[in-house]
Trainee: 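Below you will find the structure I want to go over with you.
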Amino acid sequence: MTTDGRTPVPTAWRRLGSRRDIQALALVTAAYLAFFAATRQPDIGTLLETTARNVVPLAITAAVARPWVQRILRLRPAPGLVLHVGLAVVFSLLWLWLLTLAGALLGGSSVMRFVVNPFLEGPAADWQFFQGLFVYGLLACLCALEQPRREATVVLVDGPVATTPHLVRDGDTLAPLALTRLVCIRGADDYSELLTLDGVQLVATRLGVFEALLDPLRFVRVHRSAIINLDHLQRAEPAGGGRLILHMTAGPPIAASRAGARALRARAL
């Protein structure tokens with residue numbers, strides 16, 4: 001329970017509840033309704049049930065796959081393509097399995113016939129599998145649109161941490177990185193995502209480099225993939241198990257690990 005009486009919502013559920021996700025889910029639901037109504041013309045009850053059997057497993061599968069897709073998109077093209085192919089197959093099989101499981105659990109008549117087997121068999125299974133590959137491609141494209149459009153490199157000049165100039169290279173241009181406006185840094189393999197009061201930028205610098213060079217009195221690594229600026233920490237809420245949910249002046253809440261939470265609590269007066 002938070003200080004204002006609200007129950008904290010896990011970060012994963014916050015992502016699932018975004019406006020874009022709701023719009024995409026509504027569009028997919030409308031498409032299934034229209035397709036089944038045009039091809040089978042069942043009664044309204046069967047139409048809604050069949051649509052739910054398809055949409056709910058798809059929504060679950062997309063929610064599970066989305067964080068992995070976003071990670072793969074940050075990798076270099078060659079290994080990223082290989083991982084995309086593998087994840088697309090897993091995505092299709094998981095959706096097919098959940099679809100079959102939903103039909104087996106619900107039972108009853110439907111415009112689609114389900115067999116209580118580990119997977120569907122025959123042409124229907126083949127069609128559903130390739131449909132999953134296509135939907136995965138759409139999901140990857142949507143996630144790619146959400147990625148920062150420009151990549152940059154942070155250039156750190158040798159010198160004491162407190163006085164080191166921090167410059168961001170964008171092509172042939174160098175621009176200073178205003179640490180007072182830096183809210184947090186999220187790590188992603190060989191890259192880091194800088195969230196400032198002015199926006200988000202992806203830089204080709206590991207999170208460990210930032211941790212070693214930034215002022216430890218102001219910047220704290222609260223998770224293996226996140227560093228925060230204490231100047232922009234608004235409040236920290238307990239999340240169970242010794243963890244914390246950190247609310248910053250900009251961006252989504254950040255989950256602090258047990259070690260990160262202990263580091264923050266050690267600074268409390």
Side-chain angles (χ1 to χ4, degrees), residues 2-23 66-67 69-71 73-74 142-156 161-162 164-170 173-189 191-211 213-239 243-257 260-261 263-265 267-268:
T2 65
T3 54
D4 54 3
R6 296 180 291 106
T7 301
V9 180
T11 303
W13 291 109
R14 292 178 186 271
R15 287 199 302 267
L16 292 177
S18 69
R19 180 178 299 179
R20 181 174 296 178
D21 293 336
I22 294 174
Q23 290 173 344
R66 182 175 178 178
V69 174
Q70 292 172 332
R71 292 182 182 180
L73 287 171
R74 298 189 180 105
L142 291 175
C143 290
L145 292 176
E146 296 176 350
Q147 298 296 312
R149 295 183 179 273
R150 306 179 68 120
E151 293 183 0
T153 302
V154 172
V155 181
L156 301 171
V161 171
T164 298
H166 294 73
L167 305 177
V168 176
R169 186 197 308 276
D170 191 353
T173 304
L174 289 176
L177 174 62
L179 297 183
T180 57
R181 302 185 65 80
L182 180 60
V183 178
C184 68
I185 309 171
R186 294 181 181 271
D189 297 312
Y191 293 85
S192 294
E193 187 180 79
L194 307 180
L195 173 61
T196 71
L197 297 178
D198 304 308
V200 179
Q201 189 170 28
L202 190 66
V203 298
T205 302
R206 287 180 174 271
L207 195 66
V209 175
F210 285 105
E211 183 182 20
L213 294 174
L214 292 175
D215 184 358
L217 297 179
R218 294 174 57 193
F219 293 90
V220 180
R221 189 162 186 169
V222 297
H223 192 273
R224 60 184 177 86
S225 61
I227 295 175
I228 68 165
N229 185 349
L230 291 177
D231 294 339
H232 291 285
L233 175 62
Q234 290 186 326
R235 68 181 187 278
E237 300 173 348
R243 300 179 177 87
L244 293 172
I245 295 294
L246 311 178
H247 297 268
M248 312 299 292
T249 56
I254 298 175
S257 64
L264 292 175
R265 291 189 176 101
R267 295 169 180 256

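Keep in mind it's a predicted model, so treat the numbers as computed, not measured.
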Trainee: Go through the steps to decide whether Leu197 and Val183 satisfy the test side-chain contact (heavy atoms from CB on, under 4.5 Å), and finish with yes or no.
Mentor: CA-CA 7 Å; Leu197 297 178; Val183 178; 3.7 Å; yes
Trainee: Do Ser257 side-chain atoms and Arg224 backbone N/O form a donor-acceptor pair below 3.5 Å?
Mentor: no
Trainee: Please round to the nearest 0.5 Å and tell me the distance separating atom CD1 of Ile228 and atom CE of Met248.
Mentor: 4.5 Å
Trainee: Can you tell me how far apart CG (Leu182) and NE2 (His232) are? Round to the nearest 0.5 Å.
Mentor: 7.0 Å
Trainee: Looking at every non-hydrogen atom in both residues, tell me the closest pair between Ala239 and Ile245 and how far apart they are.
Mentor: CB-CG1, 3.6 Å
Trainee: Find the distance between SG (Cys184) and CG (Leu230) and round it off to the nearest 0.5 Å.
Mentor: 12.0 Å
Trainee: How long is the span from the CD1 atom in Ile227 to the CZ atom in Arg186, to the nearest 0.5 Å?
Mentor: 12.0 Å
Trainee: Check for a donor-acceptor pair, side chain of Arg221 on one end and backbone N or O of Pro216 on the other, with a separation under 3.5 Å.
Mentor: no
Trainee: Please report the closest heavy-atom contact between Ser225 and Leu207, naming both atoms and the distance.
Mentor: C-CD2, 3.5 Å
Trainee: Between Leu246 and Leu264, does a side-chain contact (heavy atoms from CB on, under 4.5 Å) hold up when you go through it step by step?
Mentor: CA-CA 10 Å; Leu246 311 178; Leu264 292 175; 3.7 Å; yes
Trainee: Quick one: are Arg218 and Asp231 in side-chain contact, heavy atoms under 4.5 Å?
Mentor: yes
Trainee: To check you understand the geometry: which heavy-atom pair defines the closest contact between Ser192 and Thr205, and what is its length?
Mentor: OG-O, 2.6 Å
Trainee: Yes or no on side-chain contact (heavy atoms from CB on, under 4.5 Å) for Thr249 and Gln234, after CA distance, side-chain angles and deciding distance?
Mentor: CA-CA 6 Å; Thr249 56; Gln234 290 186 326; 3.8 Å; yes
Trainee: Quick check: closest heavy atoms across Ala236 and Leu244, and the distance to 0.1 Å?
Mentor: CB-CD1, 4.2 Å
Trainee: May I ask you to check whether over 12 heavy atoms, not counting those of Arg265, lie within 6.0 Å of atom CZ?
Mentor: yes
Trainee: Checking the side chain of Asn229 only, and the main-chain atoms of Leu179 only, is there a donor and an acceptor separated by less than 3.5 Å?
Mentor: yes
Trainee: Could you walk me through whether Val220 and Arg267 pass the side-chain contact (heavy atoms from CB on, under 4.5 Å) test, one step at a time?
Mentor: CA-CA 11 Å; Val220 180; Arg267 295 169 180 256; 3.6 Å; yes
Trainee: Quick one: NE2 on His223 to CZ on Arg243, what's the gap to the nearest 0.5 Å?
Mentor: 8.0 Å
Trainee: Measure across Ile254 and Ala226 and return the closest heavy-atom pair with its distance rounded to 0.1 Å.
Mentor: CG2-CB, 4.0 Å
Trainee: Of all heavy-atom pairs between Ala256 and Ala261, which one has the smallest distance, and what is that distance?
Mentor: CB-N, 4.2 Å
